[in-house]
2 protein chains.
Amino acid sequence: MSLREEILEVSKDILIKDGFGKMSMRRIARRADVTATSIYLYFRNKDDLLLALIQESIDDLKEALEEVVDPSKDFIQQLEDMARAYIRFALDHPREYEIIYMVRPEEMPKYPREKFNEVRSAYELLADIIDRGKQENIIDVDDPLISAYTIWAQIHGVVSVMLNKRLDTRVPREKFTDQAVDHIIKGFIIQKTPV
Amino acid sequence: MSLREEILEVSKDILIKDGFGKMSMRRIARRADVTATSIYLYFRNKDDLLLALIQESIDDLKEALEEVVDPSKDFIQQLEDMARAYIRFALDHPREYEIIYMVRPEEMPKYPREKFNEVRSAYELLADIIDRGKQENIIDVDDPLISAYTIWAQIHGVVSVMLNKRLDTRVPREKFTDQAVDHIIKGFIIQKTPV
DNA sequence: CTGTTTACTTAACAGTGTTAACCTGAGTTT
DNA sequence: AAACTCAGGTTAACACTGTTAAGTAAACAG
């Protein structure tokens, strides 16, 4: 394994186990059995390293979503499967999910805005499904792009509230996600299709 | 103005204008014309100071929401007004909104979990409205608590996506929020009321 | 044997949160 | 008036942080 890979692995491990606050260049280096400056041979700076980690997490999320894509299935079922897969990934890999949204573009002005929009690659799967529903005349949305974003944003909100431990302890997670997914899909379906 | 207030004001100003990364104890102190250690006379540590700022922001958000509460209005209109007020506050005061969700409880283990759940005070307004709708038999939800959380989470997601600049540039903000609010409310209404 | 490149290290800079110890002036007690 | 207390600051220091400039040792090329 190359040092670059080693650094990525160690960083991820620290980030997941100990949180972002503990992920310092020197700590990473110590665990990878090198000096902190060596990291700069493979990453321009800490932000660059963080960006590489974000990219890895996005790929993992994307992979988890692709697993549930199944064109043979009912359209609405597809939507629900994807929503649930998204939520499950976030809850199973909270730290990994968080780093995707942790860094705000304005705090990393050196880096191309593009990089941040790559979360799209995950949302595009959603857009595809919606587009298929439109093609097959199952639903009638006027803009699949906006619809996909809307649904994605709502799911992200549901996930985010749980991850940030902002959910009332009296509210059971399962019931909450069930209802949320139900709300989101119904809100989307009702919009243009006559009931 | 007491030094404590001065510190809070300066901190908030730095946080809003220059971002969290620039909000250091020494910088705050320099601007308040004291030494960094003086801050520790009024706040146990930086997290404590941050918590005070979060509290202020929550109060501001709450205030903005209370302004639109109007029991004389139509139930659905109330829901929409509140959703829009929430989104407007977040977009008008992005940094202030962000700090509410910036700090995760697990990264501040010294502090009572309670403090973080105080975002509830904002969401409770929503729960009240839903409860009113239930009392007046306009809607039939089985758990207003969960419903309120669901709606709030969805709105937070919509806001969060925009603030994190994760929205596709082709998607106009206004159209996005319009559709999102529409989705959210319809998804909620449809659930139990016959159409 | 020399020159160059690769992969790393050492030393240092300027900054961070935080603590312990100290000072200074105002108010209170004796 | 002299002594004491104490709030409201200060200075100095510790152990850390990201990052850079310069140096080094080994591998390889001609």
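In what follows, chains are A, B, ... by sequence order, proteins preceding strands, each numbered from 1.
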Aromatic centroids of H156(A) and Y86(A) separated by under 6.0 Å: no
Between [N] ([atom2]) and [X] ([atom1]): distance, integer Å:
X      : N       : atom1 : atom2 : value
I14(A) : dG18(D) : CD1   : C1'   : 15 Å
I28(B) : dG9(D)  : CD1   : P     : 16 Å
L49(B) : dT16(C) : CG    : P     : 14 Å
K22(B) : dG17(C) : NZ    : C1'   : 17 Å
N45(B) : dA20(C) : CG    : P     : 14 Å
R27(B) : dA14(C) : CZ    : P     : 16 Å
F43(B) : dG8(D)  : CZ    : P     : 14 Å
M1(B)  : dG8(D)  : CE    : C1'   : 17 Å

Closest to side chain of R30(A), choosing from dT17(D), dG9(D), dG18(D): dT17(D)
Nearest-neighbour nucleotide for the S38(A) side chain, dG18(D), dT9(C), dG9(D) considered: dT9(C)
Derivation and outcome, side-chain hydrogen bond (donor to acceptor under 3.5 Å, both in side chains), residues D74(B) and Q78(B): CA-CA 6 Å; D74(B) 167 29; Q78(B) 263 291 282; over 6 Å; no
Salt-bridge criterion met for R27(B) and D18(B) (N-O under 4.0 Å): no
Salt-bridge criterion met for D140(B) and K134(B) (N-O under 4.0 Å): no
From CG (L91(B)) to OH (Y97(B)), nearest 0.5 Å: 9.5 Å
Of L41(A) and M23(B), the one whose closest DNA chain C nucleotide lies more 5': L41(A)
The helix from dC1(C)-dG30(D) to dT30(C)-dA1(D): angle between end helix axes, five pairs per end, rounded to 10 degrees: 30°
Upstream residue (5' side of DNA chain D) when T37(A) and S24(A) are each assigned their closest nucleotide: S24(A)
Closest-nucleotide ordering on DNA chain D, the 5'-leading residue of K46(A) and D33(B): D33(B)
Check: dG15(C) base within 3.5 Å donor-acceptor of R26(B) side chain: no
Reference residue R84(B); test salt bridge (charged side-chain N to carboxylate O under 4.0 Å, His left out); the match among D182(B), D178(B), D92(B): D178(B)
Under 4.0 angstrom between Y42(B) side-chain N/O and dG9(D) OP1 or OP2: yes
Residue pair K175(B) / D143(A), side-chain heavy-atom distance below 4.5 Å: yes
